[in-house]
Amino acid sequence: MSGQQSGAPVVDVHAHVLLPALQEYVAASAPAEFAAAQELDARRQGPESLTVSGAMIRDRWPRLVDLARRLADMDAAGIDVQLVSPSPSHYYYFAGPGLAEEIARRANTAVMQLVASAPDRLAGLGLVPLQHPEAMVSALDHAVLDCGLLGVEIGSYAPAVDRLPGQEPNAGTVELSDPRLEPFWARAEELGALVFLHPFGCSLDERLDRFYLANTVAQPAENAVALSHLIFSGVLDRYPKLQLLAAHGGGYLPTTLGRSDHAWRIRPDAHGCAAPPSSYLRRLWFDSLTHSPAELRALAGAAGTDRILLGSDYPFDMGSEDPAGEVRAAGLSPEEEQRILAGNAAALGIRPGYRASAPAMSAPRTEGHGNDG
């Protein structure tokens, strides 16, 4: 244990694993769509950032796929437990219905197997096909009930995709305010499943193709848009017990809600939620990954330290090598630090291993752990 006075383990809720076998399966199953998605990502990043990102992935490959390296890095950073989620590059929101459901099953099973390899140090999140809302509930059930994971990871939206001739028709963009997601939110609330909001890609596309704006601006912007859809549409009113955790400290949203509150007061078209938008910050959860002591203090002031959990974005270069140290650098009280490092995760039921209610979790299959079986 890391030496927390409370005795509660230090929990990192934002850590990723790469699943190479899943990527190979998708590339072989939908080669044209996979290639088109890769090409779009290249355009969004621009050539310079694409080159740097490729070198970064090669350098950090052992951290993404090797369990022993992951555990050693956790020890070095003072992390007792990681809540592991697939790299967002595995969303594959271009996939048609059948393939999308199989992707979720394979990803969920892969994370289950990774947790089985270190059940005293790891817990897991799975995936659901956001681009096919009608399939999300069954994928959530598979992740939580069949695989024993604590919840699922979703993107900020599922963009419309131009289908190739002879393939499924374009289903259109799916925003988090889409009425078709109502059964998913209801089921997540019913199960007490954690929903981790982590953007991947940005609708601004090539406007951000220089200076790594495709990450530094896109991620916080996408968080702000997605969370605003959830707030203004009344999703959080209808599902008050929904456990939704936003990556990257919620992006631009938490400390810039004055304009949203003003619109809510004076505009009938911005009045879809029952209370001022800023009041919903205390119904959401946020990770601590702001990269700034002042911004972490501002998030704490807006949402409360009882709504923030430690997050590192392990092992990517836009994450933190010392996430606990960054929390301690914010100048919060010892009690507030303890909540972020450990207490809030315990309150949310985030602990290593599987959900206690999951059936047949005492002896899950473990072959292929560290990748995706």
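On a predicted model such as this, the values are computed, not experimentally measured, just so you know. Only this structure's heavy atoms are used, side chains among them; waters, hydrogens and symmetry mates stay out. Note that the numbering runs from 1 along the sequence shown for the chain.
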Query raised in the report: Can you check side-chain contact (heavy atoms from CB on, under 4.5 Å) on Gln23 and Phe34, steps first, answer last?
Result: CA-CA 9 Å; Gln23 179 171 313; Phe34 182 84; 3.7 Å; yes
Report task. Would you please test Gln243 and Leu191 for side-chain contact (heavy atoms from CB on, under 4.5 Å) and show each step? Result -> CA-CA 10 Å; Gln243 296 179 354; Leu191 291 173; over 6 Å; no
Query raised in the report: For Leu130 and Met136, what are the C-alpha separation, side-chain angles and deciding distance, and is it a side-chain contact (heavy atoms from CB on, under 4.5 Å)?
Result: CA-CA 7 Å; Leu130 181 59; Met136 291 176 69; 3.8 Å; yes
Requested in this report: Determine, stepwise, if the pair His142 / Thr109 fulfils side-chain contact (heavy atoms from CB on, under 4.5 Å).
Outcome: CA-CA 9 Å; His142 178 258; Thr109 302; 3.8 Å; yes
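Screening residues 107-130 for salt bridge (charged side-chain N to carboxylate O under 4.0 Å, His left out), with sequence neighbours left out, gives Asp75-Arg121.
Summarising the geometry, atom CG belonging to Asp306 is positioned 9.5 Å from atom CD belonging to Glu336; distances are rounded to the nearest 0.5 Å. For the atom pair CG of Leu296 and CD of Glu326, the computed distance is 9.0 Å after rounding to the nearest 0.5 Å. The structure places OG of Ser312 at 8.5 Å from CG of Asp287, a figure rounded to the nearest 0.5 Å.
For His248, the ring-ring contact (aromatic ring centres under 6.0 Å, His included) partners two or more places apart in sequence, or in a different chain, are His14, His198.
In this structure, the side chain of Arg187 does not engage the main chain of Val137 through any donor-acceptor pair within 3.5 Å. Remark: side-chain polar atoms of Arg282 are paired, donor with acceptor, to backbone N or O of Ala303 under 3.5 angstrom. With hydrogens and angles disregarded, a donor-acceptor distance shorter than 3.5 Å links the side chain of Asn108 to the backbone of Ala104.
Aromatic ring pairs are classed by plane angle as parallel below 30°, tilted from 30° to 60° and perpendicular above 60°; the pair Tyr91 and Tyr93 is parallel.
Residue-environment remark: CZ (Arg43) exceeds the threshold of 12 foreign heavy atoms within 6.0 Å. For NE2 of His271, the number of neighbouring non-hydrogen atoms (other residues, nucleotides, ligands) closer than 6.0 Å is greater than 12. A 6.0 Å sphere centred on CD of Glu48 holds no more than 12 heavy atoms belonging to other residues, nucleotides or ligands.
In summary, the side chains of Ser89 and Ser87 do present a donor paired with an acceptor at a separation below 3.5 Å, with no hydrogens or angles considered. Side-chain atoms of Tyr314 and Asp73 include a donor-acceptor pair closer than 3.5 Å. Ser85 and His16 share a donor-acceptor pair across their side chains, judged by distance under 3.5 Å alone. For the residue pair Glu222 and Ser156, a side-chain donor N or O sits within less than 3.5 Å of a side-chain acceptor on the partner. In the model, Tyr157 has no side-chain atom that pairs as donor or acceptor with a side-chain atom of Asp178 under 3.5 Å.
Classification of Asp237 and Arg283 as a salt-bridged pair holds, one side-chain N sitting under 4.0 Å from a carboxylate O.
Clustering of Ile, Leu, Val, Met, Phe, Trp and Tyr by side-chain heavy atoms under 4.5 Å joins Val11 with Val13, Val81, Leu83, Leu125, Leu150, Leu194, Phe196, Leu245, Trp285, Leu309, Leu348, Ile350.
Considering His132, Glu102, Gln131 as possible partners of Pro97, the one that fulfils the side-chain contact (heavy atoms from CB on, under 4.5 Å) test is His132. With respect to Tyr239, the side-chain hydrogen bond (donor to acceptor under 3.5 Å, both in side chains) criterion is satisfied by exactly one of Glu190, Glu182, Glu189: Glu182.
In this structure, Leu289 is not a member of the same hydrophobic cluster as Val17, with clusters built from ILVMFWY side-chain heavy atoms closer than 4.5 Å. Hydrophobic cluster membership is shared by Phe94 and Tyr25, with clusters built from Ile, Leu, Val, Met, Phe, Trp and Tyr side chains linked at under 4.5 angstrom. If you chain together hydrophobic residues whose side chains sit under 4.5 Å apart, Leu197 and Val225 never meet in one group. The same ILVMFWY cluster, assembled from side-chain heavy atoms under 4.5 Å apart, contains both Val174 and Leu242. Linking ILVMFWY side-chain heavy atoms closer than 4.5 Å, directly or via other members, places Leu140 and Val84 in a single hydrophobic cluster.
Put simply, the side chain of Gln338 does not reach to within 4.5 Å of the side chain of Glu335, judged on heavy atoms. Side-chain contact between Arg70 and Arg63: absent, with no pair of heavy atoms (C-beta onward) separated by less than 4.5 Å.
In terms of heavy-atom proximity, Ala329 sits nearest to Arg297 at O-NH1, 4.5 Å. Between Pro254 and Gly249, the shortest heavy-atom distance links the atoms CG-O, 3.3 Å. Here the shortest heavy-atom pairing between Ala324 and Ala77 reads CB-O, 4.5 Å. Taking both residues in full, the closest heavy atoms of Ser29 and Leu99 are given as CB-CD1, 3.8 Å, listed atom of the first, atom of the second, then distance.
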